[in-house]
Structures are given as C-alpha cells and as structure tokens.
Participant: 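Would you mind keeping the following structure in view while I ask a few things?
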Number of protein chains: 2
Amino acid sequence: MAQKATLGDDVFERLLDLIYSCELPPGAVVNESVLAARFSVSRGPVREAVRRLQGIQLVSREPFMRARVITLEPRAVRELFEMREALEGYASRLAAQRMDPADVEALAAGLDHNRRIGLGADDRQSPAETFDFHERIVRASGNARIVDTLCGDLYHLLRLYRRWSGSAGERRSIAYTEHRQIVLAIRNRDGELAESLMRSHIARAAENVLRHLPASAEAVGTDADVSAA
Amino acid sequence: MAQKATLGDDVFERLLDLIYSCELPPGAVVNESVLAARFSVSRGPVREAVRRLQGIQLVSREPFMRARVITLEPRAVRELFEMREALEGYASRLAAQRMDPADVEALAAGLDHNRRIGLGADDRQSPAETFDFHERIVRASGNARIVDTLCGDLYHLLRLYRRWSGSAGERRSIAYTEHRQIVLAIRNRDGELAESLMRSHIARAAENVLRHLPASAEAVGTDADVSAA
DNA sequence: TGAGCTATAAGTGTCAACAATTCAGGGAGC
DNA sequence: GCTCCCTGAATTGTTGACACTTATAGCTCA
C-alpha cells in the first residue's frame with residue numbers, strides 16, 4: 001500500500017513509530033547498523049532517516065558520536081511550546097484575516113460535532129481531534145512554510161511529549177471552551193484576539209504537559225539501548 | 001583549518017556558497033553526480049548536503065525527480081518574512097523579559113558604534129551588522145529551538161533573497177532608527193512593544209525586498225543548468 | 001587500590017558499483 | 001500533422017565493503 005515512497009521515507013516512518021511506542025525510549029542510542037539489520041535494509045536509508053530525525057531535533061547529533069533519542073527535559077518542552085505559541089498564534093491571526101467564511105463555519109460545526117460525540121464517551125478520547133483543530137487553523141493561515149514547520153516537524157515532537165508525559169486526554173472540556181473562543185474570534189475577523197487566545201491556550205497546554213512530566217526526566221530512558229531488540 | 005568537520009558538512013557549505021554566488025542560480029538543476037565530480041568527492045556526502053538543503057526548503061524535492069534550486073517567487077518571500085515576523089517578534093518579547101541588563105547595554109553600544117562607523121562610509125556597507133543585531137536579540141530569547149530555526153535555516157534563505165533581489169544595503173539609516181527603538185523597548189522591559197516594533201521592522205524589510213524583486217521572477221534562473229561547469 | 005595509558009572493538013563517514021525510476025527522443029499509427 | 005507508445009540514456013535510490021574516529025576494557029605504574 002504505502003510502498004510507493006522511497007525506502008528512506010519508509011524507515012523514517014517506522015523509526016518514528018518506534019519512538020512513539022517507546023521501543024526506542026528517550027535517551028536510547030540510535031545505532032545505524034542495528035536498525036538496518038532490524039528493517040532488513042542497508043545502512044544508507046537508515047542513515048537518511050536518522051538525519052531527518054536529527055533535523056527535527058528528535059535525536060541529538062554530533063559528527064562522530066552516536067546519536068541518541070532526545071530526553072524529556074523540561075527546558076526542551078518549554079522551548080517547543082514557546083515556539084508553538086509564536087507560530088500558531090501568528091497563524092491564528094493570519095487565519096482570522098484570510099480564512100474562507102465557509103471554512104470558518106465548517107470548523108465551528110466540526111468542533112460542536114466532536115463535542116457532542118465525545119461528551120458521553122470516555123474522557124481520554126483520541127487527541128486526533130485536537131490536532132485536527134489546530135491543523136485546520138494553521139493551514140488556514142495560507143503560509144506553506146509555517147504549515148510545514150508546525151504540521152511536519154513540531155507536531156511529531158508534540159505528540160511525543162504528550163504520549164511520554166501521559167497528559168493526552170486531559171483538559172478536554174476546558175480545551176473545547178478555549179477552541180470555541182478562538183473560532184469566535186476568527187469569525188469576527190479579530191486577528192489580535194485570535195492570536196492572544198491561541199497563545200493562552202497553548203501556554204495552558206504547556207503547563208499541563210510540564211505538570212505531568214515524570215519526576216526524574218532523565219531516569220526514563222537513560223542507558224536504554226536499542227540492541228535489546 | 002575548517003577541515004575538522006565531516007565531508008558532508010563541508011559540501012553543504014560549498015553548495016551554499018555556490019547558491020549565494022548565483023553559480024547555481026534559482027531554478028538550476030542540482031545534479032548529484034556532477035557536483036560530486038566537481039568537489040572531488042563521492043555522491044554520498046553530496047547527497048547528504050542536498051538533503052539538508054531540501055530540509056531548509058532551499059532546493060525543491062520529490063522522490064525520484066531531480067532537485068532544483070528554488071526560484072524567487074513573491075509568495076515564498078512573503079511566507080519567509082511572515083515566519084520571521086512571528087518568530088523574531090516573539091523572540092524580542094522573550095528577550096525583553098530575559099535579557100541580561102549588561103547585554104542590553106552592550107547591544108545598544110554596539111548599535112551606536114556601528115552607526116558612527118558606517119555613517120560616513122558608503123551606504124551599501126555590509127549587512128553583517130544587521131544580521132548581528134537580529135541574531136543577538138534572537139539569542140537573548142533563551143530559546144534554543146527558535147535560535148536554531150532563525151539563525152540556522154531561515155537566515156540562509158534571507159541572505160539569499162537579499163542578495164538575489166539586490167536590496168542589501170538599503171534602508172540603513174531607517175533601520176538604525178527602528179533598531180534603536182527596539183533596544184529601548186527591551187531596556188524598558190516592555191515585551192509587548194518590543195514584539196510589535198520588531199514585527200513592523202520586519203514587515204517593512206519584507207516590502208523592501210519585494211519591491212526589488214526582478215520583474216519576472218521565473219526568468220532569472222529557469223533552464224539554467226549546473227552542468228555548464 | 002586508583003589514575004593514566006594503550007590496544008581492541010564498536011560505530012560512523014566515505015566510496016564505487018548495482019538496481020530502479022524518470023526523462024527525452026524518435027518512430028509507428030491514426 | 002498530431003498523438004501515443006516505446007526504447008535508450010541520464011539520474012536517483014540502494015547496497016556492501018573499506019577508512020577513519022571514538023569509546024570501552026584491560027594493563028601498567030605509582
């Protein structure tokens with residue numbers, strides 16, 4: 001099915017999954033040869049995939065040293081969410097200026113729909129809708145560069161942090177209210193307000209993730225090694 | 001001298017130079033084999049360098065197609081500067097909150113120094129000081145992720161656009177005034193104002209670059225080819 | 001016993017050949 | 001005369017082997 005892309009892209013996805021599933025826990029050594037053997041592939045594609053992960057800053061890198069999956073340091077979390085505040089806030093402002101009226105209504109409708117569906121169900125419902133909401137607004141900014149940065153690189157990291165910190169399904173009803181306010185601001189074409197609301201929204205989400213960080217961030221994955229596979 | 005890094009890094013720098021100097025003009029085909037021969041190196045390092053350039057979106061990329069240096073489309077310029085507005089604006093706000101008082105004074109002093117030096121000289125003086133000013137503020141934000149994005153990837157592109165559009169040395173005295181206002185806002189710890197001023201400053205710079213774009217952006221480099229070397 | 005040095009092993013960087021895919025040109029068919 | 005397909009050449013993707021760098025473990029020496 002997804003056999004259309006190149007091997008490097010494939011390995012990239014699989015590596016991402018390995019990291020998501022904590023099979024490659026934070027701090028784990030990323031060994032090109034071992035991974036190549038595991039995926040039944042040469043070191044070339046693996047190397048390429050690892051370099052891409054290094055580009056996202058999902059694994060650390062210095063020339064001849066071995067690469068490691070990043071750890072869950074509060075500082076890195078803070079920096080990631082600050083960057084999201086800057087970029088997504090600005091994207092919201094742009095969206096308020098540029099978003100198609102029909103798309104605004106579709107966004108609002110989708111939001112209500114998700115609320116009705118998710119209300120009675122368990123509270124840990126898929127964070128997919130959250131990503132969907134944010135992604136829609138980001139895409140509405142009409143800036144491909146910002147879209148690529150947020151929806152490509154940064155969201156990988158974001159999902160990772162939420163998963164690692166176990167703070168996924170929380171704050172759902174609060175988030176709904178905040179999302180709704182943002183939509184209203186966009187509908188009113190109030191870019192200033194939309195940006196401000198989005199920033200607050202993300203800042204609160206950051207606090208939530210930070211509160212759920214494992215006590216000793218380092219201990220999670222230090223000395224873990226992929227060769228256990 | 002700079003023979004410490006890996007070959008891939010080296011080729012990356014040299015490729016960047018080639019693009020800066022328009023030896024690889026916008027739209028030019030980036031041929032791995034040709035470049036490898038030119039640099040007396042295997043295709044591996046070249047491949048790696050090209051992938052990095054693709055990560056910066058400095059050359060386009062689709063799986064099996066040949067890569068090309070990006071062209072000078074107004075849309076891409078607009079998107080780049082919007083992203084800078086978002087990121088550098090936010091960085092200015094953070095800098096106002098976090099910058100060391102001594103560093104603020106040093107920044108102000110450096111600004112005045114550059115002005116005194118550059119005033120009598122030619123107006124096309126090095127844009128290095130501009131980059132230096134912006135880079136200092138960005139670094140003062142204390143957010144390594146934002147610093148890497150702005151000072152690493154985006155500034156390559158920015159330099160490129162300024163060079164291609166020939167809008168380098170303009171706006172110097174105006175820029176000085178704007179820079180000075182930003183420093184004052186930071187000194188007063190007024191993050192809100194610093195962000196606003198930085199955004200306006202960048203927006204004006206964007207207009208300046210856009211105004212200097214060659215009439216038909218496409219015509220500059222279409223069908224140009226590196227194999228002429 | 002512990003600090004520092006040395007050899008060995010592990011891992012990354014680089015290379016040249018091979019396979020898979022796309023692009024360009026010409027010829028057949030309508 | 002135009003379109004479509006087919007074939008050959010150019011280019012990218014992939015592979016396994018080799019070279020160089022770093023880290024680990026053992027050894028010597030205080």
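Hydrogens, waters and symmetry mates are skipped; everything else that's a heavy atom, side chains included, is used. Numbered from 1 within each chain, the chains take letters A, B, ... in sequence-line order.
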Participant: Can you find a side chain N or O atom of R47(A) that sits less than 4.0 Å from OP1 or OP2 on dG13(C)?
Facilitator: yes
Participant: Quick one: side chain to side chain donor-acceptor pair (under 3.5 Å) partners of D103(A), sequence neighbours excluded?
Facilitator: none
Participant: Over how many whole Å does the gap from E48(B) atom CD to dT14(C) atom C1' extend?
Facilitator: 10 Å
Participant: Which pairs count as side chain to side chain donor-acceptor pair (under 3.5 Å) when at least one residue sits in residues 12-22 of chain B, sequence neighbours excluded?
Facilitator: Y20(B)-H156(B)
Participant: Listed by chain and number, what are the side-chain contact (heavy atoms from CB on, under 4.5 Å) partners of S42(A), not counting sequence neighbours?
Facilitator: P45(A)
Participant: Using atom CZ of F39(B) as one end and atom P of dT14(C) as the other, report the distance to the nearest whole Å.
Facilitator: 14 Å
Participant: My understanding is that only residues two or more places apart in sequence, or in another chain, count here; which of them pass side chain to side chain donor-acceptor pair (under 3.5 Å) with E207(A)?
Facilitator: none
Participant: Mind checking side chain to side chain donor-acceptor pair (under 3.5 Å) for E85(B) and listing every partner two or more places apart, or none if nothing turns up?
Facilitator: Y90(A)
Participant: Nearest whole Å is fine: how far is dT22(D) C1' from E32(A) CD?
Facilitator: 14 Å
Participant: Closest approach of G191(B) and A96(B), non-hydrogen atoms and distance?
Facilitator: CA-CB, 3.6 Å
Participant: Could you tell me the separation between the CZ atom of F64(B) and the P atom of dT21(C), rounded to a whole number of Å?
Facilitator: 6 Å
Participant: Report, one pair per line, the protein and nucleotides 23-25 of chain C atoms (nitrogen or oxygen only) whose separation is under 3.5 Å.
Facilitator:
{"unit_1": "dC23(C)", "atom_1": "O3'", "unit_2": "R66(B)", "atom_2": "NH2", "d": "3.4"}

Participant: Could you run down the sub-3.5 Å N/O contacts of the protein with nucleotides 15-17 of chain C?
Facilitator:
{"unit_1": "dC15(C)", "atom_1": "OP2", "unit_2": "S42(B)", "atom_2": "N", "d": "2.9"}

Participant: Holding to side-chain contact (heavy atoms from CB on, under 4.5 Å), I want the full list of residues that pass it with A76(A), two or more places apart in sequence or in another chain.
Facilitator: Y161(A)
Participant: Quick one: list whatever passes side-chain contact (heavy atoms from CB on, under 4.5 Å) with Q54(A), sequence neighbours left out.
Facilitator: V50(A), R51(A), V59(A), R61(A), A67(A)
Participant: Using a 4.0 Å cut-off on heavy atoms, which residues in residues 50-62 of chain A reach DNA chain D? List them by number, or say none.
Facilitator: none
Participant: D148(B): which residues meet the side-chain contact (heavy atoms from CB on, under 4.5 Å) condition with it, sequence neighbours left out?
Facilitator: Q57(A)
Participant: Go through dG13(D), dT14(C), dT12(C) for me and flag the one nearest to the T6(B) side chain.
Facilitator: dT14(C)
Participant: Please determine if E48(A) and R52(A) form a salt bridge, counting it only when a charged side-chain N lies under 4.0 Å from a carboxylate O.
Facilitator: no
Participant: Whole Å only: how far is the CG atom of D9(A) from the C1' atom of dT12(D)?
Facilitator: 13 Å
Participant: How many Å lie between CZ on R68(A) and P on dG11(C), as a whole number?
Facilitator: 12 Å
Participant: Check side chain to side chain donor-acceptor pair (under 3.5 Å) between R66(A) and all other residues, then give those that pass, not counting sequence neighbours.
Facilitator: none
Participant: Whole-Å distance between dT22(C) P and N31(B) CG?
Facilitator: 17 Å
